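Structure first, then comments.
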Amino acid sequence: MTDDQELPKQYDHAAAQERWYSFWEERGYFHSEPNPVKKPFCIVIPPPNVTGALHLGHALNNTLQDILIRQKRMQGFETLWMPGTDHAGIATQAIVERRLLSEEKLSRHQLGRQRLVERIWQWKKDYEKRILGQLKQMGCSCDWQRTRFTLDPVCAKAVRETFFTLFKEDKIYRGKRLVNWDTFLQTAVSDDEVFHEPVKGHFWHFRYPVVSPKPGEPTHVTIATTRPETMLGDTAVAVHPDPAAALARAEADLQERLDAAPSKEKADLETQLDEIRRRRREMLPQLEQLRDMARDGRLLELPLTGRRIPLVADVWAKPELGSGCVKITPAHDANDYDVWQRNLQIGAINILNPDGTLNEQVPQKYRGMTVKKSREAVVADLEAAGLLVEIEDREIELAHSDRSKTPIEPYLADQWFIRMDELAQSAMDAVTDGRVKIAPDRYAKSYLDWLSEKRDWPIGRQLWWGHQIPVWYCKTATEADLQRAFADRNDVVWQRDPQRGQWLICVREGELAADAVPGHPLVREEDVLDTWFSSALWPHSTLGWPEQTPELKYYYPTNVLITSRDIITLWVARMVLMGLHNVGQVPFHQVFIHPKILDGYGEGMSKSKGNGVDPLDVIEKFGTDALRFGLAYLTTETQDVRMPVEYECPHCGKLIEQTRENRTKPKIKCKHCAKEFSTQWAEKPEDKALPRGAVVSERFELARNFCNKLWNASRFAMLNLDQFQPGPVADDDLMVEDRWVLSRLATVSQQVTDALAQYRFADAARTLYDFAWDEFCSFYVEMVKGRLQDPAQRTTAQRVLAHTLDTLLRLLHPMIPFLTEEVWQRLGQFAPQRGIDAVEPAAESVLRAAWPCCDASRQDAVIESQFARFQDVLRAVRDIRARQGVAPKTLLKFSIRCEPEAADVLRPMESYFESMANAKSCGVGPDMAPPPLCAHVTLSGMDVFVDLADLIDVPAEIARKKQEIEKLTGFIASKEKKLSNKSFVDRAPADVVQKERDSLKDLQDQMAAAREVLDRLATK
RNA sequence: GGGCGGUUAGCUCAGUUGGUUAGAGCACCAGCUCGACAAGCUGGGGGUCGAUGGUUCGAGUCCAUUACCGCCCACCA
């Protein structure tokens, strides 16, 4: 480089990022191959969804992975970071479908399967490119040659093999289950993809007539519902089998709660208790009568349908609620479904079409109506029939699809399931016996709790985007036909589906022709697999399983998985059980769950809330290094990261706080310059007319400032390293500050290594921040300045400075890769060979340099405490200057009264007081008396006197001394009290008591010194 | 309803096994353009550690109760 004569005062992050990322990539530093000489270290990326661009949560996730990867690479591991993206079935298809509808007014059915899938592939291509580009901008050192996608052929092969094996082992079956039906996307979604949201609704009370009531029997049964239209699918009305016992129990429970409740809640519970007592008095006879009628098999007339439905006794009907009777709609309600399972004779009627309209199971007039329309119609008709009792307003927690944001309909459908009993148990065992360690360990609990339910996993999705289920149906063949047709094939297996009376035929690879069984047509299952099915295979499928590739053998099990807590169950647990099933080994040894990034209100960031942050905005404003260091600095074990966010006005550059009100608005008027700006990325050309305001957070300033500080410290080094002569440094040549900084450096290396090994990213970042700023910059660099000008001392000073900077760069590289590389390369210009013990050529890139080992022989507690003494005195002198208002240019004269040992340490530092505090020493030792007019600071075992002659503000200094004496008096009193407390002296450990005694003595000495100075001042 | 986490300076957060006078960054105040750095330097003000009770010679730290905030799970005809 020839253009580096003038180093800019500010670090140009954009230039460094561009230059060094391509430098690393071109040299193939990120690529990994199995290498028997080295130990492997492998992380598989949690594949981002191709639904959209990455947000700040991804930036955190990937930064942490890259920090570990870079550190392990420097530690000499053969390091592979496997990158890739996830097809995210429902989410991606939903986005593309929504666009199709809004821009071309086309439904997916109008477009057709093949063309829709083509569109989604195009979308995937665009976003994958954008996502991988973002990862590169973040500095991620992934092995891009190995980039995978969950739908690519390698992953598809693993999916087929897994499905085939599970099918063969009878762990996959087809069953009828109530599913969460998304009527917009026309697919089932899992429980995990459903969220509840309160909506205003009603609670309707209806009466169903009793068929031929006997004298004394009620003529009607009253039921209540929030979803009246489902009455068309009712198959029973339930009443509790033992209402008396149920009410008694409810009363007892309530009484217990009432006894324990705080007084302000008692009134409410009293009311509830009264209500239950009233029911026991007034309603019990009728409920028991209804129960008896249920036992008799009596029927009710289901209004509007002409159907007759039975009255049944079932515990689901709670006598303490509503009328005590409940309508049963097994096909459209989870609890009613359970009632059906207990009373199979009542049957189930599905009244919905997949698109959410009513089907042929309902009377003609309601067919084809949407749920909303039919609800109005049913209510009106019941009212007309005189069967509507009342309508209450009520807020209802309505289930919504996370994907389409539309209400979920519970819906009885055929589904594919994986039996979870054995698989779940294997994944639980892996964590309980420690083969997989989850950190922080509290998350192991949620993992185990979820798995212990062993709920079968519904794996089918009624989508077009995904791995199509490799099953063919055949209705007409006999088993003999199948055996004949597939006699010579061990890659075809089949099961009987008794509910539908058909064969389910699964093939390991490829397709089955429609005429594979002569005379009996085969039809392929249309549905695709749940996205998590392929994600669950990610750690081994990306390494080539089911082939026994060298990669699989070498890198599997991977070392650590880094992810966020919301997918512990969806993803982590399933990877463990699939890894165990397919490969026979856990997929990773460690799981680290990192914090979530929240906005300034403590809410999670999401696109729909409009409070997300694009990492590229942060990168542009602060730089990738600041983004990464800032995120690492915030990654503590217990806390989520709260990040107040501002918009940066593109017109005037001022920041506007993001609020709950303005964050969802597409455009905002700047309150400083009154011009408007957009908050959205321009998706259409016409949007670009309005410039976009970047979303940033002040919380990255600390890291940006730190990077700049480092840049300038490095700049200082460059300006002082010309004519650098490499060579070992003899211990005798080392000055106090050299030995001190080397000791600190050794300790810091150890602390950072330990912190990263335990995923304490914030500790590692803080340790480096404090060392680099407060010790290296504020002290070492300041102290070495003079020596660099002195030809006799210059060489040693340069060698230690270069070595210290070199080590610091290596320690910081995993967090701030670009700046460290930029400086490393420049340092290489001046000091291509460096080191203080043995001299070695510097690595061609800091990325390839060795991770600093802790050189325990350099750790020197004596030097560190001596240095602390020097720092104390320096601070005292500066303090006096500031409080006396003495101009920085005025030279101060000071003296120190202290023990001879301390004097021996401080005397060699005299020149540093001059350069760092503009203060000249007039003597150090036990006999130093305070000058006639002085300001004074007392430290443990030392008195610092600054001779101020006529400069001094005497009244101010007297006031200060008095205040100090008052403070000391208080401390001394509390110490004396403590030490005169017999139980403290007797019970506390001896060293603690001694420490207190020493401390009291010290305080008394300080008091004496302060009095002495005060007396002198007072006589003036 | 069950579980988990949080509550420390105006804001955002540290605080290791209980042990002198509880820390940092930002913001604030005063002073500094001194040959690395104003994204800086020097000094300063600011906290009864959510509340109550307990254990202890000693509690921000351990225990119990409680309030508030957030997250996860379950349920709500």
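Numbers restart at 1 for each chain; the letters A, B, ... are given by sequence-line order, proteins then strands. Note that the structure is predicted; figures quoted are calculated from it, not measured.
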May I ask you to decide whether [X] forms a salt bridge with [Y], counting only side-chain N to carboxylate O separations under 4.0 Å?
X	Y	result
A/Arg342	A/Asp338	no
A/Asp879	A/Arg875	no
A/Arg794	A/Asp722	yes

Below 3.5 Å between N/O atoms, which protein atoms pair up with nucleotides 2-11 of chain B? Just atom names and distances, please.
residue	atom	partner	partner atom	Å
B/G5	O2'	A/Thr638	O	3.1

Practice task
Heavy atoms under 4.0 Å is the rule here; annotate nucleotides 17-33 of chain B 5' to 3' with B where the base is hit, S where only the sugar-phosphate is, and - elsewhere.
Solution key: --BBB---S-------S
Touch class at under 4.0 angstrom, heavy-atom based, for [X] against every strand present:
X	value
A/Arg883	nothing
A/Asn708	base
A/Cys777	base
A/Arg875	sugar-phosphate
A/Gln751	nothing
A/Trp711	nothing

Using atom [atom1] in both nucleotides, what's the gap between [N] and [M] to the nearest angstrom?
N	M	atom1	result
B/G23	B/G45	C1'	16 Å
B/C49	B/G40	C1'	33 Å
B/A27	B/C41	P	13 Å
B/G6	B/A64	P	14 Å
B/G1	B/G10	C1'	38 Å
B/A36	B/C29	C1'	28 Å
B/U61	B/G53	P	14 Å
B/G15	B/C34	P	41 Å

Problem - Short side-chain N/O contact to B/A39 OP1/OP2 from A/Trp773, under 4.0 Å - result: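 A/Trp773 to B/A39 OP1/OP2: no side-chain N or O under 4.0 Å.
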Exercise for the section: Please tell me if the side chains of A/Lys596 and A/Asp566 come closer than 4.5 Å, counting only heavy atoms from C-beta onward. Expected result: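 Yes, at least one pair of side-chain atoms sits under 4.5 Å.
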Problem - Crowding at CD, A/Glu914 (>12 non-hydrogen neighbours, <6.0 Å) - result: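 Atom CD in A/Glu914 is packed in, count exceeds 12.
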Gap between atoms [atom1] and [atom2], on [X] and [N] respectively (whole Å):
X	N	atom1	atom2	value
A/Tyr337	B/C75	OH	P	15 Å
A/Asp722	B/A36	CG	C1'	14 Å
A/Trp450	B/A74	CH2	C1'	15 Å
A/Tyr759	B/U16	OH	P	22 Å
A/Ile223	B/A77	CD1	P	12 Å
A/Glu782	B/C41	CD	P	10 Å
A/Leu827	B/A36	CG	C1'	15 Å
A/Gln10	B/A39	CD	P	7 Å

Problem - Working for side-chain hydrogen bond (donor to acceptor under 3.5 Å, both in side chains), residues A/Gln758 and A/Asp754 - result: CA-CA 6 Å; A/Gln758 294 164 59; A/Asp754 291 348; 5.5 Å; no
For [X], salt bridge (charged side-chain N to carboxylate O under 4.0 Å, His left out) partners two or more places apart:
X	answer
A/Glu782	A/Lys785
A/Lys982	A/Asp986
A/Glu409	A/Arg227
A/Lys920	none

Handout entry: Whichever of A/Lys318 and A/Tyr11 has its nearest RNA chain B nucleotide further upstream toward 5'
Key =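 In this pair, the answer is A/Tyr11.
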Exercise for the section: Could you check A/Asn981 against A/Ser714 and say which one's nearest nucleotide on RNA chain B is further toward the 5' end? Expected result: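 Final value for this comparison: A/Ser714.
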Exercise for the section: Under 3.5 Å for both distances, Watson-Crick or G-U wobble, that's the pair rule; now give the dot-bracket for RNA chain B, with | marking pairs to another strand and [ ] for crossing ones. Expected result: (((((((..((((.....[...)))).(((((.......))))).....(((((..]....))))))))))))....
Exercise for the section: Ignoring the backbone of A/Arg704, work out which of B/A39, B/A36, B/A77 is nearest its side chain. Expected result: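 From the listed options, B/A39 comes nearest.
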Exercise for the section: Could you work out which one of B/A77, B/A74, B/U42 sits closest to the side chain of A/Arg455? Expected result: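 Nearest nucleotide to the side chain: B/A74.
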Problem - Pairs satisfying ring-ring contact (aromatic ring centres under 6.0 Å, His included), at least one member in residues 696-715 of chain A, at least two apart - result: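 Qualifying pairs, neighbours excluded: A/Tyr11-A/Trp711, A/Phe629-A/Phe706, A/Phe706-A/Tyr769.
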Problem - Sole residue of A/Glu648, A/Glu646, A/Glu701 in salt bridge (charged side-chain N to carboxylate O under 4.0 Å, His left out) with A/Lys621 - result: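 Of the listed options, the one satisfying the test is A/Glu648.
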Problem - Residues which pass side chain to side chain donor-acceptor pair (under 3.5 Å) with A/Ser697, listed by chain and number, not counting sequence neighbours - result: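 With neighbours one apart ignored, the set is empty.
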Handout entry: For A/Asn918, side chain to side chain donor-acceptor pair (under 3.5 Å) partners two or more places apart
Key =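 Not a single residue meets the side chain to side chain donor-acceptor pair (under 3.5 Å) criterion with A/Asn918.
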Problem - Residue pairs passing the salt bridge (charged side-chain N to carboxylate O under 4.0 Å, His left out) test where at least one lies in residues 438-447 of chain A, sequence neighbours excluded - result: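 Listed once each, the pairs are A/Lys445-A/Asp449.
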Exercise for the section: Return yes if the base of B/C37 and the side-chain atoms of A/Lys9 contain a donor-acceptor N/O pair under 3.5 Å, otherwise no. Expected result: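 Result: no qualifying N/O pair found.
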If you restrict it to nitrogen or oxygen atoms, what contacts under 3.5 Å exist between nucleotides 46-50 of chain B and the protein, and what is each distance?
none

Exercise for the section: May I ask you to check whether A/Thr329 and A/Lys327 show a side-chain donor-acceptor distance below 3.5 Å? Expected result: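 Short answer, yes.
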